[in-house]
Amino acid sequence: MKFAVVVFPGSNCDHDAYYAVKHVLGQDAAFVWHKDTSLAGADVVILPGGFAHGDYLRTGAIARFSPIMQAVRRFADVGGPVLGICNGFQVLLEAGLLPGAMLRNRSVKFQCEHVFVRVEQTDTPFSTACRQGQVLKIPIAHGEGNYYAEPAVVERLEQNRQVIFRYTTAAGAATPDANPNGSVNNIAGLCSEARNVVGLMPHPERACELAIGSADGLVVLESAVKSVTRGAFAAAG
Amino acid sequence: MKRISDELVQQHGLTRDEYARILEMLGREPTLTELGIFSVMWSEHCSYKSSRVHLKKLPTTGRRVLQGPGENAGAVDIGDGLAAVFKIESHNHPSFIEPYQGAATGVGGIIRDIFTMGARPIALLNSLRFGPLDDPLVRRTFAGVVAGIAGYGNSIGIPTVGGEIAFDDSYTGNPLVNVFCLGIARADEIVKGVASGVGNAVYYVGAKTGRDGIHGATMASAEFDEKSAEKRPAVQVGDPFMEKLLLEACLEVMRSGALVGIQDMGAAGLTCSTCEMGSRGGAGVTIDVSLVPQRESGMTPYEIMLSESQERMLLVVRRGREAEVERIFEKWDLHASRIGEVTADGRLCVKHHGEVVADIPNAALTDAAPVYRRPMAEPSYLAEARQLSLGSLGAPPPPREVFRRLLVSPAVASKQWVYRQYDHMVRTNTLVVPGMGAGVVRVKGTTRALAMSVDGNGRFVYLDPFLGAELAVAEAARNVACTGAQPIGATNCLNFGSPERPEIMWQFARAVEGMGAACRALDIPITGGNVSLYNETDRRAVLPTPVLGVVGLLEDAATVVRRAFRNDGDAIVLLGTGRGELGGSEYLKVIHGLVRGVPPALDLEIEAALQRLLVKGVAAGLIRSAHDCAEGGLAVTLAECCFNTGLGASVDVPPVDGEATFEAVATLFGESASRAVVSVDATRAAELVAMAEAAGVPAAIVGRAGGERIRIAIAGHIAIDEPLAEAEDIWSYAIGRYFDRPRAVA
């Protein structure tokens, strides 16, 4: 199975995603340059973390114009599994592949720390190997991860069960204190209406080995393997 | 007619004698551009004219050293055909004038030094000094510096894995911002900053040149006064995205084999990079500044040569491979401009639209730059300040109160408020996160890991420059050894006041001697570094602050040890001997407001034995946690081993000799060197003690980890007995509280 890791010039978690897929998960992985127009036959696409084009304007605002994003959109349109992590999530929001926007963290500071997220739904290609309600310890590292959408949009997201990950305590309670950045409804990650595009602020690729603090994120990537192997989300690359 | 007036010479920070030398070397009056070039290259910052004679005394060679001082960074062999490339540098003056940008561009500069060597940067550390946080101006500086470091490092994707922060009144008007970067290169592919091969093209790549930072190097070579705020235009603005592009593109160009040499344009910009590359390669460089990409119109050759605009590189490319190099830069949306070529004459020749505006032998700017043996005199404060009569202080507060006050002292308190702002996990190598002593990163593709620590104690150096510098080396190396890593190399950043004052020069010389002595005894060569002088405001110097960055090699990354206790019931073993030394301690500063006395004694043989024991004990799987005893002494060290673990501790230690009323505080808070608190499986504690004794290191089983309290008894009498949760709570939020509380003053 082949994962494509899209590389924008300011991506800086591209190597981490590649390493997690290739060396921890043992799957095939390839970098795809943002100026390319094809995903080279990938089964899964990852938009990694970083600062795609410096992000001085607005996170991900320029990345959506990169040539590769047309290929990502086509891939997503036909049901291909797409995972946006941190800046990748922000790019998906800017590209309109997911609804809503990111505000600066409530603390008005960059925050890098381990947080807990609860798996809300398991019927997406990036949560299918999880248990419903499972609490994962995964780090965040962002300055703009305060998810916002208009109340009507949030209501629809909740009704459609599009909220996939929610910030909680270690015990799984979605309290205000467990919300690291002020995201509406403690939303840490969500999926598209068709459920194949998933974005989340925490970094599962940084939580794939106990030696570096947690292996809880591995299940997110394993979900992709499981779902593609099962053919549940078959797509034309 | 004389074009260069005496006043102009003086404005350029050149003395009359120095100017006379310029006339002699050129055999004529310099042009204005030439005067500017001399002024920056002969500035203290670039020429090390006051420090060079002393720095020669440092040990710089060793079996692992691949590159010593003189290049953009040092390099040591770490096995598997790989090299660790590292260096520390200061950005003190810019960080006072504009904290965010000053600190950010400091990070940018040190990262360029590392990737210029062909290394992929994988870790950052920083050593910071500020005035007391009660001062709103200091809080602004502190918050700005931290945000600047975060803003740059996070964006470019290099984790900040550790560092240290201390506070003293003397840093109020002159904070210290020292940044350290480490990268990994193939040992046989280290790239140098040389220009060679007559006719090879010289390329400029990166950000356009503007008028920012002109005379930054000269600014860093003068003291601050009330007019310093007016120097703001001399501080540059950082663009981490541009640097990220440069980093990736330059590494790609290096892999292509089309490169002869490369250097970043840091202090003294285009001037320094052209003459230094030519000098190292035994060649000359001719450039035409009209070909340099410019951000502003109407820039003169003088301004272009002296600009310190950030994120710029100078490259020498092999003849015939120019198109290949240009293509790589274009892939990254960078434009490489051919601005000149390598010549045979050993001169820096600068043209402007073809007309020569400067023509100087490289040697005049580099090797033949002035060197001073400045007068030295033992400072008058010293004899008095070294006197410490505990009896005159009255009775000390009860140990419990001292313990609590030390835990909330910003130097001791948790730096989580700071480290949370740094991305310390990107690249997924971080085995030990910031705030835990040395930072540790694994080296992917090998079984190894690298530990690194930056340390320095200005109070100790103030009270005894030789011993204080020895202690800095010992502490940095001990922090590294506590993770199980063998110290293999070091880099230094020497922050002092004005070298024109004999007492400062004396501090400097003595500190360098002490540093050299300790590095020799511990077998840690210094592969490069940086000197920052003129750290003064209104003629008040900062505490003399030499900072040591030590790098250690851990053969098996899986054996890495952290400071935190691991298991309920593990035995706590104290390695080394407490002698109740309170001179220069955090206790004296916090409780009595004093910087006095004699710093702790250091026996380098015992220190070396302790470090060898730590490495051996970790490798043998015996030591489960290890933490160096430093600020706040044994009591604070023990508490730090408990924090973030949920495990308390109960120990009983023997009293130290000394004044009876101070027996308890000296035992608990004295800062004797060469000590570490380690934990070990209770059934194997005796084994560790035996191993220590065989190694000549005093060791005693003092108690056990576990429970919900931190309990310290002295010879059976309880001195401290605090709930862990409470102690951890006050320690955790002590720094955040300075910033989160409602603002009382504008």
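Source: prediction; values computed, not measured. Chain identifiers are assigned alphabetically (A, B, ...) following the order of the sequence lines, protein sequences preceding nucleic acid strands; residue numbering begins at 1 within each chain.
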Engineer: Tell me, side chain or backbone of A:A17 under 4.5 Å from chain B's heavy atoms, or both, or neither?
Structural biologist: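 For A:A17, no heavy atom lies under 4.5 Å from chain B.
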
Engineer: Can you list the donor-acceptor atom pairs spanning chain A and chain B that come in under 3.5 angstrom?
Structural biologist:
{"residue": "A:S11", "atom": "O", "partner": "B:K244", "partner atom": "NZ", "Å": "3.1"}
{"residue": "A:N12", "atom": "ND2", "partner": "B:N154", "partner atom": "O", "Å": "3.2"}
{"residue": "A:N12", "atom": "ND2", "partner": "B:S155", "partner atom": "O", "Å": "3.0"}
{"residue": "A:D16", "atom": "OD1", "partner": "B:R427", "partner atom": "N", "Å": "3.3"}
{"residue": "A:D16", "atom": "OD2", "partner": "B:R427", "partner atom": "N", "Å": "2.8"}
{"residue": "A:K35", "atom": "NZ", "partner": "B:K331", "partner atom": "O", "Å": "2.9"}
{"residue": "A:K35", "atom": "NZ", "partner": "B:D333", "partner atom": "OD1", "Å": "2.9"}
{"residue": "A:Y56", "atom": "OH", "partner": "B:D239", "partner atom": "OD1", "Å": "2.5"}
{"residue": "A:Y56", "atom": "OH", "partner": "B:F241", "partner atom": "N", "Å": "3.2"}
{"residue": "A:C112", "atom": "N", "partner": "B:R420", "partner atom": "O", "Å": "2.6"}
{"residue": "A:E113", "atom": "OE1", "partner": "B:R420", "partner atom": "NH1", "Å": "3.4"}
{"residue": "A:E113", "atom": "OE2", "partner": "B:R420", "partner atom": "NH1", "Å": "3.3"}
{"residue": "A:R206", "atom": "NH1", "partner": "B:D423", "partner atom": "OD1", "Å": "2.9"}
{"residue": "A:R206", "atom": "NH1", "partner": "B:D423", "partner atom": "OD2", "Å": "3.4"}
{"residue": "A:R206", "atom": "NH2", "partner": "B:D423", "partner atom": "OD2", "Å": "2.8"}
{"residue": "A:E209", "atom": "OE1", "partner": "B:R442", "partner atom": "NH1", "Å": "3.4"}
{"residue": "A:E209", "atom": "OE1", "partner": "B:R442", "partner atom": "NH2", "Å": "2.7"}
{"residue": "A:E209", "atom": "OE2", "partner": "B:R442", "partner atom": "NH1", "Å": "2.9"}

Engineer: Heavy-atom distance under 4.5 Å to chain A: side chain of B:I156, backbone, both or neither?
Structural biologist: backbone

Engineer: For a quick test of reading the model, state the closest non-hydrogen atom pair linking B:L431 to A:A211 and the distance between them.
Structural biologist: CD2-O, 3.6 Å

